[in-house]
Enquirer: 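After the structure tokens below, expect a handful of questions from me.
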Amino acid sequence: MTAPTAPTSADLPRAYDPATVEGRIYQTWLNRGYFTPEIDSEKQPYVIIMPPPNVTGELHLGHALTAAIEDALVRWRRMRGDAALWLPGKDHAGIATQWVVERLLAAEGTNRHALGREGFQERVWEWVGRYGNTIDQQHQRLGTSCDWSRLRFTLDSGPAKAVRATFVNLYHKGLIYRHERIINWCPRCATALSDLEVEYQEQDGKLYYIHYPLAAADEHITVATTRPESMLGDTGVAVHPDDSRYAHLVGRQVILPIGERPIPIVGDAAIEPEFGTGALKVTPGHDVTDFEIGERHGLEIINVIGFDGNMTDAAGKYAGQERFATRRAVAAELDARGLLEKVEDYRHSVGHCQRCDSVVEPLISLQWFLKVGSHREPDSIAGRAHAAVAQGDINIVPERFSRVYLNWLENIRDWCISRQLWWGHRIPVWYCEGSTGCGEVIVAVEDPARCPACSAERLRQDEDVLDTWFSSGLWPHSTLGWPDATEDLAYFYPTAVMETGYDILFFWVARMIMLGIENTGQPPFRTVYLHGLIRDAKGAKMSKTRGNTLDPLDLIERYGADALRFALSTGTAPGNDLRITEGKLESARNFANKVWNAARFVITILAEPAQEPQIGQGDLAGWSYLPNLEHREDRWIVSRLEQATAGVNQSLADFELGEAQQKLYDFIWNDFCDWYIEMAKVRLRADANSAATTAGPSPRPVLAHVLERTLRLLHPFMPFITEEIWQNLVSRLPKEGDLPGSIMMAPYPQADAARHDRRAESEISLVMQTVRAVRNTRAQLRIPANRQLEVLLEADGLSGAMEEEADVIRALSRVAPLRITAGVPEGSTTGRGVVTLLVNPLVVRLPMEGVVDLAAERQRLQEELDDCRRELERKEKLVNNPNFRAKARPGVVEMEEERLRSLQEQQQRLGEILEQLGG
RNA sequence: GGGCGGUUAGCUCAGUGGUUAGAGCGCCUCGUUCACACCGAGGAGGCCGGAGGUUCAAAUCCUCCAUCGCCCACCA
């Protein structure tokens, strides 16, 4: 077994320096293949498929958060012995990538049409080749233990085959169909968009009231619209059938004031009589509601706005003009002709392209759709995806998102899956253009060579590509080999956890569930863990345009990868947004440094020739190699460690990563560093002086043991520093048997209730409280730290135990002499300048003649007694309440009674002390 | 128009029925001697947004209100 090339000297740097550690350690892990799990039927597979970042993307804090959480889960389960697979990938991100490259072309003064489809694709591939693995390298800087040997790209042949197979299957089932329908169109991107890709934004606009004259009467009806230009495509006016104002007009005709076409007035219940004038101009070609009204009444459809955002020939004299210019022009013309009754300011929401922010134009177009059906049909795509969550086959964390998900599926419409882009999975449909004119449509996984109907070789493939989310929706099974029956697919599918941001619950998670069940018959994962969005210090969304982004790479350089990871996932709950600040990063870095220095201390101690630590390597999974714990302090820290171990494992099982980290932070900083190490120093010094005979067993093995365990517990959250220290530590321990070459392959510590020691905890707690009481008094009376105080400790039945801890109490509270008695000590009750502190059942007395004033001391104790009485009364009321005794959960009554007894005792003792003071 | 979330110490946030509500940062006082000033010791600071209700017991569950934010929806 060879250790990574860690420094072997005990002179570790005073401060942890991530830069000198991280790259070296990551390379070692990579070289040894630790990230690639073995397919082993004896082991339980644990799989997380990483949300694939955009291939041309740069790592941002959202990626870093995803990585921190997923890596922690995967490392934890790997250490627990599972065959843990974390599969990384990248997404071709059709519209996003095309947009980036188009902007590049624009800067060069050209465009994709000048290059042609193939030329453009070449440019994109070139771009991908140049920048495509940037984000992988950036992920590695974070310490991600994902299996790079299984890295997948959505356009790889495997996933591409999965896309085609899915399309072909669904087509033959009649679930994918082509239809002319009103869809969301982005004129800038020149493509159709799904409903999800439209972002509605509140905008200030105008509401125009326009007179439409009746055909056969000197009368008009006034309609209100925000988009006057769309009137050029009007084919009707609609009013509510029960609206008495217009009842006489239904069935008659008006003349469109521009274009001079006669159009009918219809009655339709979709009309809101309260809105505007209660009369709606109907433009079936450019409005979804109007399209539906038009369908009900057989109204004609006229497209007046084209795919480029300019008016079509159908717009008559406005043909070729830009749509918003036309809006102004039409309004002006109507006004000039006295047909514009009024214009009101109006705030309304307008759909924008998610990618380029252009105003989306609803228009009629021939597109491919996926028929998802209704959640009420148990065999439909929507129905099965709904049931998977409703029945609990898939568990969403936090739970509240289940309802959001179900609600979305309950209102879902067919999914427009075709895009008029050049970058993506081309739709596997070919049309026969042979001379026979057979009109055959070929839908196939493999490119067809000739028409199966007429054998013609002139085939034209459908021009469109698929929505990126279509291929993303297959990701959990397509990455594992589907549609082929691969070993990976059999062993690793379905996966365990899908971890991602709640912002892509519909886009991605829901689609994976729909298509995963459709293709494999099984939900693609058991748990969906949704994290929140990262915000800046002021709570604003991070975005490049806002200029408030923090670069994770920069943060890694300044604070270290471990600190960044810790800062991102500590102090947060699942699904909650989190603000990231430099302060949090500093805290995390300071914590890393604390761990580093505690380890430096322990390693230095172990390097001393004093005595061989009684610690072996035999059984890293259990506790057996630790010698009998003869010293109370040793039993105490091991008991605390036991509880931390149980708590961390439980929190991880519950996906409460922030809590797990908090528990480790508290244990390491408070219990281990502030108390145990400080206590251990007392024994170590006595040992060094070798004069003392009371030193007891050496704390070295326990220091080593607790540190070693703690490092393993912390490893999933701070992989680099724990590995670096662990290598240093274990090289100083006697080696027996096999030791894994890396902490990441060492077993994760499991709780063992036998190590819990109630008595040691309560006794050490009294020691700590006593020390604190003395320190507190010293600070309050402004007694210099270097001045030793005399203390009389009345220890009741605990005098033996306290005698054993006397050195520690003396050292940590700077007390000398310290006299410990079972009963009230001589000469302490005269009341002359003695500060008396109750650490129930201990009484701590500090004779300090001339420093304290007797009256003040009596008053302080009296206040303490009053507080005690008040609480005692409350507690008595509670414990004596028959309802409480009858209804409280088991154990609660006993707990409260225990507390009551303790309060009674405290009250009595305070009373006695006051009496002794002559109060 | 529906739905969800937040409102807890000066700031950022944990804490979903059971001791006298916690952490980090900030603040105040003290301490540079042997792991760490990226440190140690001590301290101040909160009627848990408001009002009702349920319960032996509420920051925690229910209702209403206020306020901030988010999501969904075909109001022209």
Enquirer: Mark yes when over 12 heavy atoms from residues, nucleotides or ligands other than A:Arg758 sit less than 6.0 Å from its CZ; otherwise mark no.
Expert: no
Enquirer: Starting at CD of A:Glu272 and ending at P of B:C75, how long is that distance when rounded to a whole Å?
Expert: 11 Å
Enquirer: How does protein contact run along nucleotides 19-29 of chain B, one letter per nucleotide 5' to 3', with B for base contact, S for sugar-phosphate only, - for none, heavy atoms under 4.0 Å?
Expert: BB--SSS---S
Enquirer: Rounding to a whole Å, what distance do you find between A:Asn593:CG and B:A35:C1'?
Expert: 10 Å
Enquirer: Among the candidates B:G15, B:A35, B:G42, find the nucleotide nearest to the side-chain atoms of A:Arg600.
Expert: B:A35
Enquirer: Side chain of A:Arg579 only, please: which of B:C13, B:A76, B:C38 is the nearest?
Expert: B:C13
Enquirer: In chain order, what residues pass the salt bridge (Lys or Arg N to Asp or Glu O under 4.0 Å) check against A:Arg323, with sequence neighbours excluded?
Expert: A:Glu361
Enquirer: Could you please name the option among B:U33, B:C72, B:A37 that lies closest to any side-chain atom of A:Arg814?
Expert: B:U33
Enquirer: Using the P atom as the reference point in each nucleotide, state the distance between B:A73 and B:G2 in Å, no decimals.
Expert: 16 Å
Enquirer: Quick one: A:Arg889 CZ to B:G18 C1', roughly how many Å, whole number?
Expert: 7 Å
Enquirer: A:Lys541 side chain: which of B:A35, B:A76, B:C71 is closest?
Expert: B:C71
Enquirer: Starting at CZ of A:Arg778 and ending at P of B:G40, how long is that distance when rounded to a whole Å?
Expert: 19 Å
Enquirer: Return the residues of residues 397-407 of chain A meeting this criterion: a heavy atom under 4.0 Å from some atom of RNA chain B. Order them by number, or give none.
Expert: A:Arg400, A:Arg403
Enquirer: Has the side chain of A:His286 got a donor or acceptor atom that lies under 3.5 Å from a matching backbone atom of A:Pro362?
Expert: yes
Enquirer: Under 4.0 angstrom, heavy atoms only, what part of the nucleic acid is A:Tyr502 near: base, sugar-phosphate, or nothing?
Expert: nothing
Enquirer: Main chain of A:Ser813, side chain of A:Arg778: is a donor-acceptor contact present, judged purely on distance under 3.5 Å?
Expert: yes
Enquirer: For A:Phe601, does the six-membered ring have the charged nitrogen or CZ of A:Lys681 within the cation-pi criterion, i.e. under 6.0 angstrom from the centroid and within 45° of the normal?
Expert: yes
Enquirer: What's the CD-P distance between A:Glu202 and B:G69, to the nearest Å?
Expert: 13 Å
Enquirer: Categorize A:Arg413 for me: base, sugar-phosphate, or nothing, with a 4.0 angstrom heavy-atom threshold over every strand shown.
Expert: base
Enquirer: Check whether any side-chain N or O of A:Arg775 sits under 4.0 Å from OP1 or OP2 of B:G43, and answer yes or no.
Expert: no
Enquirer: At under 4.0 Å between heavy atoms, what does A:Asp674 touch on the DNA or RNA strands: base, sugar-phosphate, or nothing?
Expert: sugar-phosphate
Enquirer: For A:Asp674, enumerate each residue passing the side-chain hydrogen bond (donor to acceptor under 3.5 Å, both in side chains) test, keeping only those at least two apart in sequence or located in another chain.
Expert: none
Enquirer: For RNA chain B, whose closest nucleotide is more 5', that of A:Asn881 or that of A:Gln780?
Expert: A:Gln780
Enquirer: Rounded to the nearest angstrom, tell me the gap between atom CH2 in A:Trp596 and atom C1' in B:C39.
Expert: 17 Å
Enquirer: Rounded to whole Å, please give me the gap between CD in A:Glu678 and P in B:C34.
Expert: 12 Å
Enquirer: If you pin A:Arg589 and A:Asn883 to their nearest nucleotides in RNA chain B, which one's is more 5'?
Expert: A:Arg589
Enquirer: Ignoring hydrogens, what is the shortest heavy-atom contact between A:Lys541 and A:Arg535? Give both atom names and the distance.
Expert: N-NH1, 3.6 Å
Enquirer: Could you work out which one of B:A76, B:A35, B:G18 sits closest to the side chain of A:Thr226?
Expert: B:A76
Enquirer: What stems, by residue range, does RNA chain B take part in, given at least 3 consecutive Watson-Crick or G-U pairs under 3.5 Å?
Expert: B:1-7 with B:66-72, B:10-13 with B:22-25, B:27-31 with B:39-43, B:49-53 with B:61-65
Enquirer: Taking only the side-chain heavy atoms of A:Val892 (C-beta and beyond), determine which of B:A76, B:A35, B:G18 contains the nearest atom.
Expert: B:G18
Enquirer: Applying a 4.0 Å non-hydrogen cut-off, can you work out what A:Arg885 is touching in the nucleic acid: base, sugar-phosphate, or nothing?
Expert: nothing
Enquirer: Could you tell me which residues satisfy ring-ring contact (aromatic ring centres under 6.0 Å, His included) with A:His386, sequence neighbours excluded, listed by chain and number?
Expert: A:His375
Enquirer: Establish whether the base of B:A76 is bridged to the side chain of A:Lys281 by a donor-acceptor pair shorter than 3.5 Å.
Expert: no
Enquirer: For the ring pair (Phe, Tyr, Trp, His ring centres under 6.0 Å) test, which of A:Trp408, A:Phe401, A:Tyr405, A:Trp415 pairs with A:Phe506?
Expert: A:Trp408
Enquirer: Side chains of A:Asp666 and A:Gln662 only: does a donor on one sit below 3.5 Å from an acceptor on the other?
Expert: yes
Enquirer: Rounded to the nearest Å, what distance is computed from the CG atom of residue A:Asp195 to the C1' atom of nucleotide B:C71?
Expert: 15 Å
